[in-house]
K.L.:
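Would you mind keeping the following structure in view while I ask a few things?
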Amino acid sequence: MTDKNVTENFITHIIDEDLANKKHNHVVTRFPPEPNGYLHIGHAKSICLNFGVAADYQGTCHLRFDDTNPEKESREYAESIQRDIQWLGFDWKTNQFHASDYFDQLYAYAEELIEKGLAYVDDQTPEEMRENRGDFNRPGVNSPFRDRSPEENLALFRAMKAGEFADGARVLRAKIDMQSGNINMRDPVIYRIRRLHHINTGDKWCIYPMYDFTHCISDAIEGITHSLCTLEFEDHRPLYDWFLDHIDIDCHPQQIEFSRLNVSFTITSKRRLSKLVEEGIVDGWDDPRMSTISGLRRRGYPPEAIRDFVKQVGVSKKESVISMTVLEDAIRHHLNQSAPRVMGVLRPLKVVIENYPEGQVEMLNGANHPQNESFGSRQIPFSREIYVEQSDYKENANRKFFRLTEGREVRLRHAYYITCREAIKDEQGNVVELRCTYDPESRGGTADGRKVKGTIHWISAEHAEPIEVRLYDRLFNHPKPASLENFTDAINSESLEILPNAMLEPGIADQDSEVVYQFERNAYFKRDKTHETDKPVFNQVVSMRDSWSKIEQEVNESN
RNA sequence: UGGGAUGUCGCCAAGUGGCUAAGGCACCAGGUUUUGAUCCUGGCAUUCGCAGGUUCGAGUCCUGCCAUCCCAGCCA
């Protein structure tokens, strides 16, 4: 991977040309969220692209809140957006703006359009407007108010601003072309009357500008060079250019559209995400199964890994769905290098080592990372009674099962070789305890001459720390839940599995909760913020790659 | 039936007329290994939506066709 934030793509090619032609001598981009919801993995692509491109070209990237619709916007959302961008590792420095910072200028540009005869106040009802707009096969019809004089329009528009009309009674429209094949050009509304309290301007305004009018002018005011947005705005580009061509402004940014990021088995729509929260299907916006940035954060996904993922995915104009395995691979790749290894037993099975002295405790050394000595090592207590994973014992196991079964010897990670002698069952026939013997000569996990295929993890029973583990699986069973009539039909009822009786080696649970650990042979885990339980809770970040389950399946099928 | 876009391996994605169509994920086959993890090696598109055409030469240029997506908010 290169040291660039963004790999070469059609947008960087355009920038390269613009720099080579001297169209620009610097790059300014912007990330323009509307503060009306939480950011999700799809926004991460836009954030990484805009901030990444700016950084790669020694330019700047602005954070601009697109706050033109007070009906839906809130401070809380704006704050969560700031937190998420920072967490992802980007810094807008002093370049934080709001579209609402420009309301006065926007208003003046609207008057300019009116004076030029390029905008008019329309008194039609929304229903009349919709009817007269026409449709894909039928051109629009001019509004009966379209030919008002600039003087009359100006007086009316000022009256709109002064609050002389009821909400929704009139709008200001651009006078473009009601016959255009592009419906956005059929005299789009640019101002509407709304008596609403705005998060930034309070009660100063009762008219608010629309997106198309606001966005291009905000970009121009800020000196944005390349205005990157998603594909659905392609049809709006002629309008973006029209406004800037018809007002007196000396900057004309280039709008460039790229395709959204879609990840298989996930959902990225505010409406659907909030339905999951409202209906209690998940534990809130930051539920570890959510594709929100706050959900990924709580889950334990490292921001560096998310950035690498976005980089790997690339940028193009093709609508696509990236396999979730690419995301998981990026997470594993990063965590494999950064996560200290510890031993945690998810489903404990007690083992008594019959020939180990009762009451004796030995401290064994265990490396914290097998490939990186700088992680150091720790002392792990070993004693006569330990816990191992239930799945590491099997009755009547075949030769491919490199773990415990009667008469088979395995290595305990960082410790001794043990041989399984007997499985003790309860009345129902469940194995509740294993009786084993150990080889005192194999301390540290080495014994001359003998090859032991299996190594399993364990925890000294006396020293084990009880924890709760939460295992996560994909929230949906369908690769494209949003394509279904009702996306909730695809909800995976087994996306959360709680293991209340897990055990962790001592000295880990109460450490820095931001550390992601690898519970060897199990998965990566990060301590949850929750305090609702008496035990520490660990969330599974991502599982380990598992080639055993495939072998096991093949063995079962051949039997 | 209007307008705008996109079609290169199962999923992404390089390729900007000329050496044998990058790379990642997935998958397959081996090797190393005190995590059945990691790591390493090898395999994986005679072909670029389809059909014609231009050219000594086309995924790259031209024409036609097909498929998919977006647009009819006083949302962004």
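Quick note: numbers below take in every heavy atom, side chains included, and nothing from hydrogens, waters or symmetry partners. Proteins get letters first, then strands, A, B, ... in listed order; numbering begins at 1 in each.
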K.L.:
Does B:rG36 have OP1 or OP2 under 4.0 Å away from a side-chain N or O of A:R521?
P.N.:
yes

K.L.:
In terms of side-chain heavy atoms of A:I551, which of B:rG36, B:rU38, B:rG24 is nearest?
P.N.:
B:rG36

K.L.:
Among B:rG7, B:rG36, B:rA26, find the nucleotide with the atom closest to the side chain of A:K318.
P.N.:
B:rG7

K.L.:
Could you run down nucleotides 67-76 of chain B 5' to 3' and tag each one B, S or - for protein heavy-atom contact under 4.0 Å?
P.N.:
--SBBBSBBB

K.L.:
In whole Å, what is the span from the CZ atom of A:R474 to the C1' atom of B:rC11?
P.N.:
13 Å

K.L.:
Across the strands shown, which category fits A:H13 at heavy-atom distances under 4.0 angstrom: base, sugar-phosphate, nothing?
P.N.:
base

K.L.:
Expressed as a whole number of angstroms, how long is the span from A:F10:CZ to B:rU6:P?
P.N.:
9 Å

K.L.:
At 4.0 Å (heavy atoms only), tell me whether A:V452 reaches a base, stays on the sugar-phosphate, or touches nothing.
P.N.:
nothing

K.L.:
Using a 4.0 Å heavy-atom cut-off, does A:Q371 contact any base of the nucleic acid, only the sugar-phosphate backbone, or nothing at all?
P.N.:
base

K.L.:
For B:rA22 versus B:rC66, give the span between their C1' atoms, rounded off to a whole number of Å.
P.N.:
29 Å

K.L.:
For A:E76, check side chain to side chain donor-acceptor pair (under 3.5 Å) against everything at least two apart and list the hits.
P.N.:
A:Y38

K.L.:
To the nearest angstrom, how far is A:K317 atom NZ from B:rA13 atom C1'?
P.N.:
17 Å

K.L.:
Rounded to whole angstrom, note down the P distance from B:rC62 over to B:rA67.
P.N.:
22 Å

K.L.:
Among residues at least two apart in sequence or on other chains, which ones pass side-chain contact (heavy atoms from CB on, under 4.5 Å) with A:A367?
P.N.:
none

K.L.:
Counting only side-chain N and O atoms of A:S316, is one of them less than 4.0 Å from OP1 or OP2 of B:rA13?
P.N.:
yes

K.L.:
Tell me every residue that passes side chain to side chain donor-acceptor pair (under 3.5 Å) with A:N21, counting only those two or more places apart in sequence or in another chain.
P.N.:
none

K.L.:
Looking at every strand, decide which applies to A:R173 at a 4.0 Å heavy-atom threshold: base, sugar-phosphate, or nothing.
P.N.:
nothing

K.L.:
I'd like the P distance from B:rU35 over to B:rG43, given in whole Å.
P.N.:
28 Å

K.L.:
Taking NZ, NE, NH1 and NH2 as the nitrogens, is one of them in A:R158 or A:E164 under 4.0 Å from a carboxylate oxygen of the other?
P.N.:
no

K.L.:
Restricting to side-chain contact (heavy atoms from CB on, under 4.5 Å), what partner residues turn up for A:K318, sequence neighbours left out?
P.N.:
A:S316

K.L.:
Among pairs that include at least one residue of residues 136-146 of chain A, which meet side chain to side chain donor-acceptor pair (under 3.5 Å), considering only residues two or more places apart or in two chains?
P.N.:
A:D122-A:S143, A:Q124-A:S143, A:R146-A:D187

K.L.:
Got a donor-acceptor pair under 3.5 Å from the side chain of A:Q518 to the base of B:rU35?
P.N.:
yes

K.L.:
What integer number of Å spans the C1' atoms of B:rG52 and B:rC44?
P.N.:
32 Å

